[in-house]
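All values reported here derive from a predicted model rather than from experimental measurement.
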Amino acid sequence: MKLIHTENAPAAIGPYSQGYISNGFFFTSGQVALDPGTGAAVGTDINAQTEQVMKNLSALLSAAGTDFTHVVKTTCFLADMGDFAAFNEIYGKYFTGKPARSCVAVKTLPKNLLVEVELIAEV
């Protein structure tokens with residue numbers, strides 16, 4: 001296994017890592033809308049927060065030597081399923097290869113944010 005860490009994505013806020021490469025695949029921890037430099041929440045609506053999550057995922061993919069076109073699976077968590085359409089609009093700009101996906105509503109996300117996404121990608 002190879003630990004992946006980049007200063008261009010938020011540091012872990014608990015006892016976990018940003019991601020690992022194992023057996024040719026990159027596994028990320030869930031990314032929320034935190035600014036990598038300050039650790040502060042970015043945006044107050046689903047659009048701004050989803051864009052920040054995608055920036056964070058992009059930084060992790062780059063650090064692992066891969067990109068969005070190599071993502072095979074995502075798991076998405078929304079604080080409100082009423083945000084599903086707006087989330088999908090932004091998600092679709094990044095995940096053009098349409099990887100397998102699960103998307104569920106959860107009661108609460110870290111720091112009371114609106115969206116979290118984790119992924120698995122080929123490297």
Side-chain angles (χ1 to χ4, degrees):
M1 292 189 323
K2 178 181 177 187
L3 176 68
I4 298 299
H5 175 79
T6 178
E7 298 297 321
N8 297 322
I13 56 175
Y16 59 89
S17 63
Q18 291 175 323
Y20 270 95
I21 294 174
S22 180
N23 294 318
F25 288 94
F26 178 45
F27 300 83
T28 69
S29 292
Q31 293 298 300
V32 293
L34 297 180
D35 179 278
T38 66
V42 173
T44 58
D45 65 20
I46 192 65
N47 295 318
Q49 289 191 15
T50 301
E51 285 288 351
Q52 185 62 47
V53 167
M54 297 305 148
K55 289 178 186 176
N56 295 344
L57 288 169
S58 179
L60 288 171
L61 287 163
S62 179
T66 190
D67 59 35
F68 284 106
T69 65
H70 290 90
V71 174
V72 296
K73 172 75 167 88
T74 65
T75 305
C76 309
F77 307 93
L78 300 176
D80 181 351
M81 205 48 88
D83 289 334
F84 187 75
F87 168 76
N88 268 343
E89 188 75 25
I90 294 165
Y91 177 98
K93 292 188 314 186
Y94 291 88
F95 294 101
T96 58
K98 298 184 181 178
R101 178 177 95 171
S102 300
C103 187
V104 298
V106 295
K107 183 176 179 182
T108 307
L109 288 167
K111 300 193 178 231
N112 291 314
L113 292 166
L114 303 174
V115 58
E116 180 173 351
V117 179
E118 63 185 33
L119 59 78
I120 301 168
E122 289 182 316
V123 290

If you round to the nearest 0.5 Å, how far is [atom2] of [Y] from [atom1] of [X]?
X	Y	atom1	atom2	result
L57	S62	CG	OG	12.5 Å
D67	E122	CG	CD	10.5 Å
T69	L61	OG1	CG	9.0 Å

[X] side-chain N/O to [Y] backbone N/O, donor-acceptor pair under 3.5 Å:
X	Y	result
Q18	P10	yes
T50	F87	no
T6	L60	no

By the salt bridge (charged side-chain N to carboxylate O under 4.0 Å, His left out) test, which pairs, at least two apart or in different chains, include something from residues 45-62? E51-K93

Under a single-linkage definition using a 4.5 Å side-chain heavy-atom cutoff for Ile, Leu, Val, Met, Phe, Trp and Tyr, are [X] and [Y] assigned to the same hydrophobic cluster?
X	Y	value
Y16	I4	no
I120	Y91	no
L78	Y94	yes
F25	F68	no
F84	V32	no

Got a sec, which hydrophobics cluster with Y20, joining ILVMFWY side chains under 4.5 Å apart, including via others? M1, L3

Write down the atom of A48, the atom of G43, and the distance for their closest heavy-atom approach. CB-CA, 3.8 Å

Could you tell me if the side chain of [Y] sits less than 4.5 Å from the side chain of [X], heavy atoms only?
X	Y	result
H70	V123	no
N56	V53	no
L34	V42	no

Quick one: side chains of residues 95-119, donor-acceptor pairs under 3.5 Å with protein atoms, not counting sequence neighbours, listed by atom name and distance.
{"unit_1": "R101", "atom_1": "NH1", "unit_2": "N88", "atom_2": "OD1", "d": "2.7"}
{"unit_1": "R101", "atom_1": "NH2", "unit_2": "N88", "atom_2": "OD1", "d": "2.9"}
{"unit_1": "S102", "atom_1": "OG", "unit_2": "K73", "atom_2": "NZ", "d": "3.0"}

